[in-house]
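Structure, as structure tokens:
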Amino acid sequence: MCRNIKTLFNFEPPATEDEIQASALQFVRKLSGFNKPSQANAEAFDRAVDEVSAAARRLLASLHTQAPARDREIEAEKARERSRLRFG
């Protein structure tokens, strides 16, 4: 999995449209191998990002959990601590 794609489910506040779009863009970049597609591939690339975004929105809307929503700041601090321990 691409390290830049972040978990979007079960957070308070919920994922924004920008976060969903950014995750979709990273996913399509990873699949295609393009950071920025050529003009010949731009339409297909952009369409794929839109389709993955739509699928991600549907997925997030249909998931259910009994677990309490996670706090973004607390999770970010945990990630920083893991990074500090790993890389010093």
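Remember, it's a predicted structure, so these values are computed and weren't measured experimentally.
To the nearest 0.5 Å, atom CG of residue Leu25 and atom NZ of residue Lys30 are 13.5 Å apart. Between atom NZ of residue Lys78 and atom CD of residue Glu73 there is a gap of 13.0 Å, rounded to the nearest 0.5 Å. The CG atom of Leu60 sits 11.0 Å away from atom CZ of Phe11, with the distance rounded to the nearest 0.5 Å. From His64, atom NE2 reaches atom CG of Asn10 across 12.0 Å, with rounding to the nearest 0.5 Å. Rounding to the nearest 0.5 Å gives a distance of 5.0 Å between OG1 of Thr65 and CZ of Phe9. Note that the CD atom of Glu19 and the NZ atom of Lys6 stand 7.5 Å from one another [nearest 0.5 Å].
Ser62 places a side-chain N or O within 3.5 Å of a backbone atom of Leu59 that can act as its donor or acceptor partner.
Within 6.0 Å of atom CD in Glu81, more than 12 heavy atoms from other residues, nucleotides or ligands are found, so the atom counts as buried in its surroundings.
With contacts defined as side-chain heavy-atom distances shorter than 4.5 Å, the pair Val28/Phe34 does not qualify. At least one side-chain heavy atom of Pro13 sits less than 4.5 Å from a side-chain heavy atom of Arg72.
Listed by chain and number, the hydrophobic cluster partners of Leu85 come to none, as no ILVMFWY side chain reaches under 4.5 Å of it.
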Worked verdict on Lys36 versus Phe45 for side-chain contact (heavy atoms from CB on, under 4.5 Å): CA-CA 9 Å; Lys36 185 176 190 306; Phe45 186 91; over 6 Å; no
Check against side-chain contact (heavy atoms from CB on, under 4.5 Å), Glu75 and Thr7: CA-CA 11 Å; Glu75 294 300 318; Thr7 301; over 6 Å; no
Show which side-chain atoms of residues 48-57 pair as donor or acceptor with protein atoms under 3.5 Å away, not counting sequence neighbours.
residue	atom	partner	partner atom	Å
Ser53	OG	Gln21	OE1	2.9
Ser53	OG	Val49	O	3.0
Arg57	NH1	Glu17	OE1	3.4
Arg57	NH1	Glu17	OE2	2.7

